**Q** 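Pasting a structure here, questions to come.
Computed from a prediction, not measured in an experiment: that's the story for all the values here. Computation of the quantities below employed the complete heavy-atom set of this structure, encompassing side-chain atoms and omitting hydrogens, waters and symmetry-equivalent molecules.
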There are 2 protein chains.
Amino acid sequence: MDQEFKKQETNPTGTGYLPGIAIDAVIFGFHKNELKVLLLTYKNTGFFALPGGFVHEDEDMNQAARRILLHRTGLKDIFLEQFYTFGDKSRHDTEPLKKIMAARGFFPGDNHWLLSRFVSVGYYALVDFTKALPTPDSISDSCEWFNLTDLPRLMQDHEHILAKALQTIQQDLDHKLIGFNLLPQQFTMGELQGLYETILNKKLIRAAFQRKMLGLGILERIAKKWTGGAHKAPYLYRFIPVT
Amino acid sequence: MDQEFKKQETNPTGTGYLPGIAIDAVIFGFHKNELKVLLLTYKNTGFFALPGGFVHEDEDMNQAARRILLHRTGLKDIFLEQFYTFGDKSRHDTEPLKKIMAARGFFPGDNHWLLSRFVSVGYYALVDFTKALPTPDSISDSCEWFNLTDLPRLMQDHEHILAKALQTIQQDLDHKLIGFNLLPQQFTMGELQGLYETILNKKLIRAAFQRKMLGLGILERIAKKWTGGAHKAPYLYRFIPVT
DNA sequence: TTATCATTGTAACATATTGATACAATATAA
DNA sequence: TTATATTGTATCAATATGTTACAATGATAA
């Protein structure tokens, strides 16, 4: 499946793909109290970009998003949600893509399908940082986690897409309990609170947070964690999915 | 602009439009404690459908949605939000469209662009029922308000799109204060509560509702309404947009 | 004119939720 | 053993919401 881009590149009319529709994925992870995003670098260009792709003629758009995710993180069964579709005409900027292709020794004609105007459907994914294995493909020399607090300049309108994704998970954090998808199966209350604080970018009250989370009735207390800290050991919790 | 569909129909390759991308609009209104939706009927077919259209090559997608809205309701400056993009391959069902075109005496070739697979971007609009003027165009013999509680069968996956739109406004009702867009400039507390109850499909407590709404600090009390009811006249309120 | 009626606006109290503080419990390090 | 930092939870305060009640009032009909 590393051949996907070659297939797109050497196929000037885009046969087999839905025309004019791209998918961009904002893949969030969480580690050491920092929110992370998965970004690609394109070979010999220094461009940073969100992982993305196109929809096959014979697949649902949501399937396509999962396929892209699988290739980037090696993970199936991921929490994945569509959040917005970006359709401004100002998005149509062919220069970056031309440079990426040129860096690969490929010089497409002006009406190559990849150079036409695209509408991009944004998805965000929440993955367990400890399990995801970022994998660059044939056109990117890296696929890495970046701290949200320390991002490079992104290609095209990808910074805008990322900002909208972040805003979406902030709004949905409480209601959809999406936060749990960013943690490993077992976690302490402190880690959970740290996650919430990082996403919402504000301090929460420890006692109230713990009371509320336990009150939801979706956490199971497992065992004591034995830590290296010079203090009382916290419990480990596990998320109980609704039956 | 009534010529829009003719332009689409007699243009087998879809020149001037973004390929494969449609817009469907769920236009909500509110009258006499009933939620309404604007639906089209296509001539000589009996098909009911959400108003929709396509994106011009030289316009933003959100602009296109506003253009479509303007043609259907005669209203500018409407509350309009994108809520989801529908991309299942099962959406690709050409039969209804073929019948619509056939009823107009037009028989497109199998690779007419309108018969290809489309991804549809859903928008919902909230309009003041007393101001909107539904206007059918050349291909529809009607464009009318329907009660949400008494809908006909809709074309393709339009029922699904409508359901998702309703779900969205239910979720956003409190947070975005979107309800006010469905009422005329002046309204009574009872009307506002009726609107909330209709959208959320549940009874609210009158005293608590009034207290909360007034507590938001976004309502201005204007004057007494002099009604025909045999009871105390309610105040009229006006929504104060945030400065 | 007056009594009746339905509905409005709001007060008053009860209950529930969240904020703030305090403190015992305890795992490690010295 | 003692010092220390953090956890789990109790307690009270503040705020928000649910519930009940009642005076005010604008038609309607006697």
**Q** Please determine if A:R221 forms a cation-pi arrangement with A:Y235, meaning its NZ or CZ atom is less than 6.0 Å from the six-membered ring centre and no more than 45° off the ring axis.
**A**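 Satisfied, under 6.0 Å and within 45°.
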**Q** Should the ring pair A:F209 and A:Y196 be called parallel, tilted or perpendicular, given that the plane angle runs from 0 to 90° and is split at 30 and 60?
**A**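 Answer is perpendicular, since the angle exceeds 60°.
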**Q** Show me the protein contacts with nucleotides 25-28 of chain D, counting only N or O atoms at under 3.5 Å.
**A**
from   : atom 1 : to     : atom 2 : distance (Å)
D:dT25 : O2     : B:K232 : N      : 2.9
D:dG26 : O4'    : B:H231 : O      : 3.0
D:dG26 : N2     : B:A230 : O      : 2.5
D:dG26 : N2     : B:H231 : N      : 3.2
D:dG26 : N3     : B:H231 : N      : 3.4
D:dA27 : OP1    : B:T227 : O      : 2.9

**Q** May I ask you to verify if any side-chain N or O of A:R221 is less than 4.0 angstrom from the OP1 or OP2 atom of D:dT9?
**A**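 Answer is yes, contact under 4.0 Å.
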**Q** Distance only, no hydrogens: is a donor on one side chain within 3.5 Å (strictly under) of an acceptor on the other, for A:D128 and A:T130?
**A**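 Yes - a donor-acceptor pair under 3.5 Å links their side chains.
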**Q** Is the centre of the A:F86 ring less than 6.0 Å from the centre of the A:Y84 ring?
**A**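 Distance test on ring centres: under 6.0 Å, yes.
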**Q** Atom CZ of B:R211 and atom C1' of C:dC13: how far apart are they, to the nearest Å?
**A**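 Taking atom C1' of C:dC13 as the reference, CZ of B:R211 is at 11 Å.
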**Q** Should the pair A:F129 and A:H31 be assigned to parallel (<30°), tilted (30 to 60°) or perpendicular (>60°) ring geometry?
**A**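 Parallel: the ring planes of A:F129 and A:H31 meet at under 30°.
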**Q** Output the residues of residues 200-210 of chain A in contact with DNA chain D, where contact means a heavy atom of the residue under 4.0 Å from an atom of the strand; sort by number or write none.
**A**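 Residues of residues 200-210 of chain A that come under 4.0 Å of DNA chain D are, in numerical order, A:R206, A:A207, A:Q210.
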**Q** May I have the distance from A:K212 (atom NZ) to C:dA16 (atom P), rounded to whole angstrom?
**A**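 Answer to the nearest Å: 17 Å.
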**Q** Verify whether the ring centers belonging to A:F48 and A:Y42 lie closer than 6.0 Å.
**A**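 No, ring centres 6.0 Å or more apart.
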**Q** Counting the benzene-type ring for Trp, do B:F83 and B:Y123 have ring centres under 6.0 Å apart?
**A**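 So the answer is no for these two rings.
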**Q** Would you please indicate yes or no on a ring centroid separation below 6.0 angstrom for B:F118 and B:H92?
**A**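 Centroid distance B:H92-B:F118: not below 6.0 Å, so no.
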